[in-house]
Q: 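Before anything else, here's the structure in question.
In the text below, chain A, chain B and the rest are named by the order of the sequence lines, each starting its count at 1.
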Amino acid sequence: MRSAAAAYPAGDEVLIRIEDLWRDFVMRSGTIHALAGVSLDIRRGRTLALVGESGSGKTTLGNQILGTDTPTSGRILFEGRDMPARRDTQMRRRIQVVQQSPYTTLNPKRTVRQILDLPLSIHDGGPRRQRRERIAELLEIVGIPSDFMERHPHSLSGGQRQRVALARALASKPDVIVLDEPTSSLDVSVQARILRLLVDLQARYGLTYLFITHDLSVVRNIADEVAVLYRGHVVEHGTTPELFRAPRHRYTTMLLSSIPVLSEEEEALKPAWDWDVTATAAEPPSTGTCPFLPRCPHAVASCSLGVPPRVATSPTNWHACCNPRPEGADADAR
Amino acid sequence: MMARRFQSRAWYRFSAEPMAVLGLVLLAAITLAAILAPFVTPFPEHASSFVDFRNMSQPPSASHWFGTDLVGRDVLTRVVYGYRISLTVGIVVLGLAVPLGVTLGMIAGYAGGRLGAVIMRITDVFLAIPALVLAMAVLGVLDRTLINGLIALAVLWWPWYTRMVYNQTRAIRNEGYVVAAQVVGASHSWVLFGEILPNLVPSILTKFTLDLGFVILVASALSFLGLGVEPPTPDLGSMVAEGAGYLPDMWWMPVFPGLAILLVVLAFNLVGDGLRSMFGDGM
Amino acid sequence: MSTDPVFSIENLHLRIRQFEGEAHILNGVNLHLRAGERVALVGESGCGKSSTAMMSLGLMEARSMRAEGRIILDGTDLLSLRRRGWQGVRGRQISMIFQDPGAALNPVFTVGDQLVTAIRRGNPSKSRSDAQGLATDGLRQVHINDPERVMSSYPFQLSGGLNQRVLITMALINRPKVVVADEPGSALDVTVQEQTLRLMTELCADVDAAVLLISHNLGVVRRFAQRIYVMYSGTIVEEADTATLFSAPRHPYTKALLAAVPRLTGERLPEPIPGRVPDYTDPPVGCRFRPRCPHQRSECVDPPFAEPAPGHRVRCVL
Amino acid sequence: DEHAIGEIDPAKATDYADSILFYNLYDTLVIPEAGGTEILPHLAESWSIDGTTYTFTLRDDVRFLSGEVMEAEDVVFSLERMIALGQGFSSLFGGVIESVEAPDPQTVAITLSGPYAPFLGSLVRLAVVDKDTVMANLEDGDYGEMGDYGQAFLSTTSAGTGAYSIDSHDPQNLTVMAKNDEYFLGVPEAAPDIVRLQYSIEPATLRALITRGELDIGDQWMAPEIKAAVAATDGVGLGTEAGISSFYLKLNNQRAPLDDVHCRRAFAHAFDYESILELTQITDDIAFGRPAHGPLPLGLLGADEGIPTGRFDLDAARAELDLCQYDAGDFQIQLNWVAGNPIQERIQLMMQLNLGQLGFDTTITTTPWAMFTELASSAERTPHVSPVNFILTTPDPDSMLYTMYHSDAAGTWASVDWVMSDEVDRMIEAGRTETDPEARAQIYRELGQKLVEDQVSIFAYELVGVFPIRDVVHVPALQEAGQTYSVQGMNFMFREMQMQ
Amino acid sequence: MVLFGVSILIFGIARLIPGDPARIALGPMASNEQVEAMRDRLLLNEPITVQYLNFIKNLVQGDLGTSLYTRRPVTEDILSTLPATFELVLAAALIMTVVGVPLGILAARYRHSGLDIAANLLALLGVVTPSFVWGIFLMLLFAFHLDILPIAGRLSRDAVLPPQITGLLLVDSALAGMWATFWDALRHITLPATALAMGGLGTAARLTRANMSEVYGRQYIQLARAFGYTEREIAYRYALRPAMVPTLTILGLDFAIMLGNAFLVEKVFAWPGMARYGVEVIIRKDLNGIVGTILVISAFFLIINMIIDIIVAYMNPRILYQNQ
Ligand SMILES: Nc1ncnc2c1ncn2[C@@H]1O[C@H](COP(=O)(O)OP(=O)(O)OP(=O)(O)O)[C@@H](O)[C@H]1O
Ligand SMILES: Nc1ncnc2c1ncn2[C@@H]1O[C@H](COP(=O)(O)OP(=O)(O)OP(=O)(O)O)[C@@H](O)[C@H]1O
Ligand SMILES: [Mg+2]
Ligand SMILES: [Mg+2]
């Protein structure tokens, strides 16, 4: 596995750079900062996993990159150039998406062929005959028999639908695919197949993935880097092995320790967390403090002074925690 | 093969509702009778200008099953011919109202923002006036001809589609496949008509079927108020209205056309309900 | 292992008529729970876990269904109960925790209202204020520090985690002998799910209720259960205590399932299981896993239960 | 469809219901003789005519509801008010009066601008209102110091000398009137104490109410079938009002092809007179139609029994059509009927059938009364054939002929034939200025012949008002021979009715 | 706000009506000068914007102008007929809810039983039969054939009128303790109200059934069952409230249909309500009358819907709390 590379070689090209991105939703009940100053790099040919609990802003961030939503402020640079709010066809071609729900990602009223034909016809897939061949080819790539071409989505299983969605994303020969929880509603057995396919495709086409998920075991196996999102803030970021080996932010720690695992061996890899089961009432919105403050049992005075600054722990990893989990605490893990 | 299977599954669901099948049979019978009226009615000449004062106001009998009216015309014949008008009215009215309402609803739902708000406010205004009253007002403006009656009904019908389609479009707008089409770079019109519209078809079709019945109902109500088509064209609502003046002595005059309206509306409703359960969505 | 089971399902079959034909959804399910025991039922989506749960509480609803077998709770066969009989059982002797706390609570009544009604259903002699007190205590037990506020809130005003706790409270408040928990907390974040499992472990011990945990997540099952049933396509294919199941699985399906889970060690990608879950209207004869099994052979038609070790039962000829 | 509303302001009264209210709430200077056309004294004891000046001597024993004595001032006020408001029948007076004076309380002198024979008859449309009471109840309005001329006041109550007074009035539904015991002629004991006038009831309802005894008298517009059914009920009879109205199928003389007399004659021959008269038969001896001899109903001054009734003859019609400059096939003939008049619909259906046999393409339209009056204002929009009932509004034939056929009166519902003939105009004017009754009658007979000759309309039948009446009331004007007044509404003077 | 839009719309329609309201108002005998004078008085010769502004100005003062049809202030005309319509519609709404909703509940509770089928059939008949046909059927049966209920009107002719308080005869007579009148009014309103209610009743029953069925599919109903609630409790306490929320909202819209149908039913039963006035003013191009009638009906409809919204908010705490 490529992810074995602990640190990326110097000069690993940044394909997408996100700088201080904010996205506010103004609601009757107040303003929600779905993204609160996110800065991240996505490297060409790599997989960046975006993890975090529900509502932390993962999909919102994905949407900014896809251009289906516009940020309130901040910049997104693609190959070093500012991405315009209104994307041109060329830009659209280069960034594609696979969504979470296999049930809504395909238009139930169109056949597999029609679904795959759309990106081809937009991005100059040639005359009809040629497009048809290309569709067959795409189906073969994702492992769907070509006689499924005239089928409607309802006659496909969840896994097959996700494959078709993947084929659709591949159709325009993109550079980047945003994978928004592509396997979370699939059975483990099907998930395993999709994950293999993803890894395979990445190797074949040099794809760059933004892999959004809340399943950390999957992240461990597929991502090169991980960004942990909490309430619109990236609280920790780094290469996968290092982050899993030594999580520093308290939220990351909590997240990792809650992973249900299958063996003692894995159990030993999880950091310890003191599960205080007392539930607090709805968390008050925290602006101007560490976003995790209301739930953090390790809070110290400085946590409430402001959004904690980034602290680099290695050339590749950093966190934003005032009272991080000590470096050598792995041994405590039980 | 899968398509066949789907069709037969749809039919299975539809036919699991015996009432829906009954409705379909009824509808087929009514439509056929209306189309073949010159051949199936006993006195086709009674549908146009005809008087026979010697035979007027006869109660139902073997030769006139539904009796005769005040100028001696066969009520059964006129009821069957009345269906011609009713069905035409239903189809034409919705033929005008549905495309308009659907287009506006899709645009409002998809565009959202100010444009959507403006469209929906206008829709609200139309919806705030009871339909029948609005139609009457419109008919007050226009001359009382069949065409204008159709326009009046279309005017009051489109907002319902706008509203339904608006809500559904808003729900669908964020569905995965719509987003995916946008991401792929599809144009707005493609997204609207290629991705969203096909998914609205089942509910539009269902509502269309139900509404065909209701348009007929409202149209008959308008004729009942004296705002319908001109004689001697047989029109069910006017027949009821006219007959109502002769109760109870000439009960057959309003009762049979009344039953006829009921029957056709019922048929459309049964079929509409069947479609609804076939498409299996709570609308 | 000597105590008699408080709850057992014996050779349960469930058939439902559909367009495609008759679906044989449960195909001879056998399982039992001893008092206070934490047992899990795992399997892929659609293998019949929820159907088993629903049958256990008599909640299965289908237009034309046929059930055979026995479901015995404390000596009574629940399958033979009529509506009246069920009302005495549900909520008092057996209760349920649902997957999605948001959907399982009625949105137009306050949480307190729903708790109090549940209490008084199980215990009609209780006065309203008694029930209220009981509910408050119950909420405290699930570590809610401001039960009064929670009681007067509507479900949509509370977080998923809090609602999940309310559901747990409700399930246990009448001290039932058996609790069926269908994927509790799986709709919520992993951290909340972890907390939910901890709470359930703690409370079931307090109340001495046997729990049947239903899940598709092997990790969750391992965290919680003492004993595990693995289900495939309406049949129990393997039964073992937790440690045995994970260290020495015998059924090829169990093994395949374990291999399909991504590991935290991250040494390799998980292994997919070939093939698809079979169709219920036309399932393979005998062992339903046979078409997907790497070890399939001719004897696989109707394999008996083998018991390689005490308490470890496998429905496979291997 | 159409519903009348009750108008109780006498200066605004127009239709039948208004007229009923008018003659019960108010009185006029003169009154026509029952069963004839003679003008008799009423509020005016006597009068003298000197050229164009009419001098009336008023009774001195008449009191208004307010208790005030009716005097010449009131008459002057009433006339001025009517002319100023310009509504109702004001056109009867508007152009012809030069001055009105009240030299003393008992005397009114009216000077006309020229000789005007129908004047005395017109006065049955001038109700005398109580000046002082009205003046005391003026509200702001467009009439300077007269404010609203008492319009608001008189639309809610009455201020007359009538035999009845307003108890309650809802113009859309119901007017309740109570007997005025102070009435100057006295109101007989047998006359009803309370009268309830209900407007716009659906025919079926009306029928039910009468048969159940909840209503005593029905209107004349119920369909014959219903009247027959009602008449067959125990305790209900029929009353008739003959000789004051006629029914025409008016042909638009200005609109091709009916601007050609031959085409008009063809139409007239396409009308099936006998069948329609048969249709008017309600019981064996009562019909609501009788053969028409020209434009005027028999009994009226100048009516001429010598004018033959129309003849249904399609061959004759075809012959006329051959003479006509137009081809039948070139036209879309518009046959109209006024909503709520089922008989008109039947007649038009019959016309459609027969005209169809002559090769005419026809459409039938239904128009509510209000719309019809609107259509009537222009010759282009007036339908080819419009059925019209004309009921006399004064006892003088001029009110009928002038209104229907004089060019100056064109543009109303009554003149939808659009005759526009100088010769006809001259004859009508001659009739107006001729004061000798016999000479007038001769003029009208000639006019009648000319109108028939020109076939300006189809003179369908003489309308006989047929009213269902419960046996509990006796209505002499409708139920006794020779007692009918020749003015609409007058036959419903409740003081003459007797409760049994 | 919506009412404002309605006023513009209706005003526009009313002014579009061809024909000359002045002539129609003045009656058949009017001369051209009189018509012209009237046109000036009615501002008919002014541009439409001036007419509209003038109309709004008067409207704010509660003045809808003078009806050309009755020659009385429109406000007065409407006030004299509105109570009758109001009473009829309210009675029908009452029948619709009191009969329709329980019918739907029963049907949902005993789904696929004979009761369900019967209820469904009745509901369907209610929905598909025009209200005037219902009126005629009911009239034929109960008034003519069985002769147990009166045919037309609000009261018998010899009934004593109660003192006018609300204008609703049932309420007024009950308040005044005039039970004979009350009984008479009740007998009169029964048939028209039933005829008017049938459509809404059908919709109410069908909607209730559909929404109840939907709620029955929700997990919280399973939860209630799992906690031993009786089916009765579930139907009337647990499922009804959430089911009523969407039902009520749609029934509010149905109110519009009912207001329209009131015109028909009033015609059949000679009910002295706004219908006749409404039809007449339209036929007679009585601008003020048309605008006034439609405005009042729309306002009536909007008020009813506002009330329903409030009820819905109380039934559905989610809305209640969102608005706070
Ligand atoms: N269109 C929107 N309008 C208002 N608020 C929104 C909108 N979209 C997202 N949000 C809010 O922004 C926050 C982040 O949402 P987002 O969908 O990005 O979360 P997520 O991490 O993808 O969650 P999940 O795991 O549930 O998909 C949430 O609080 C959500 O309520
Ligand atoms: N009421 C029903 N009518 C028809 N089929 C049903 C019904 N309930 C369940 N099934 C079918 O029975 C099979 C088993 O369903 P069940 O819900 O028990 O599976 P599960 O193991 O709980 O799956 P999941 O993990 O997805 O919840 C499925 O194929 C399902 O489609
Ligand atoms: Mg998301
Ligand atoms: Mg399940």
Q: Is it the case that the side chain of Glu266(A) and the backbone of Leu264(C) share a donor-acceptor pair, with hydrogens and angles ignored and the cut-off at 3.5 Å?
A: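 Such a contact is found between Glu266(A) side chain and Leu264(C) backbone.
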
Q: What do the steps show when you test Arg292(C) against Ser189(A) for side-chain contact (heavy atoms from CB on, under 4.5 Å), and what is the final call?
A: CA-CA 12 Å; Arg292(C) 303 173 74 184; Ser189(A) 59; 4.2 Å; yes

Q: Who among Val190(C), Val150(C), Thr191(C) has the most heavy-atom pairs with chain A under 4.5 Å?
A: Thr191(C)

Q: So, for Leu262(A) and Gly219(C), which heavy atoms are closest and what is the spacing to 0.1 Å?
A: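 Distance-wise, the nearest heavy atoms are CD2-N, 3.3 Å.
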
Q: Are side-chain heavy atoms of Arg196(A) and Pro272(C) found at a separation under 4.5 Å?
A: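 With C-beta onward as the side chain, the pair touches.
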
Q: A quick test of your reading: do over 12 heavy atoms of other residues, nucleotides or ligands sit less than 6.0 Å from CZ of Arg250(C)?
A: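 At most 12 heavy atoms, drawn from other residues, nucleotides or ligands, come within 6.0 Å of this atom.
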
Q: Near Glu140(A) CD, under 6.0 Å, is it more than 12 heavy atoms from other residues, nucleotides or ligands?
A: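 It does not: Glu140(A) CD has 12 such atoms or fewer within range.
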
Q: Is there a donor-acceptor pair closer than 3.5 Å between any side-chain N or O of Asn221(A) and the backbone N or O of Pro270(C)?
A: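 It does not hold such a pair.
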
Q: Can you tell which part of Leu258(C) gets under 4.5 Å to a heavy atom of chain A, answering side chain, backbone, both or neither?
A: both

Q: How close do Gln191(A) and Pro262(C) get, counting heavy atoms only, and between which atoms?
A: NE2-CG, 3.5 Å

Q: For residues Arg222(C) and Val261(A), determine if any side-chain heavy atom of one lies less than 4.5 Å from a side-chain heavy atom of the other.
A: yes

Q: If the condition is side-chain hydrogen bond (donor to acceptor under 3.5 Å, both in side chains), which residues does Asp200(A) pass it with, not counting sequence neighbours?
A: none

Q: Does some side-chain heavy atom of Pro274(C) sit less than 4.5 Å from a side-chain heavy atom of Arg193(A)?
A: no

Q: Between Ser257(A) and Glu194(C), is the side-chain contact (heavy atoms from CB on, under 4.5 Å) condition met? List the steps.
A: CA-CA 9 Å; Ser257(A) 89; Glu194(C) 169 73 24; 6.0 Å; no

Q: Quick check on the interface: out of Ile259(A), Val219(A), Val190(A), Val218(A), who has the most heavy-atom pairs with chain C under 4.5 Å?
A: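 Of the options given, most contacts go to Val218(A).
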
Q: Heavy atoms, side chains only, cut-off 4.5 Å: are His216(C) and Val188(A) in contact?
A: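 No. Closest side-chain heavy atoms not under 4.5 Å.
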
Q: What are the residues of residues 39-47 of chain C, in order of number, with any heavy atom under 4.5 angstrom from a heavy atom of chain A?
A: Glu44(C), Ser45(C)

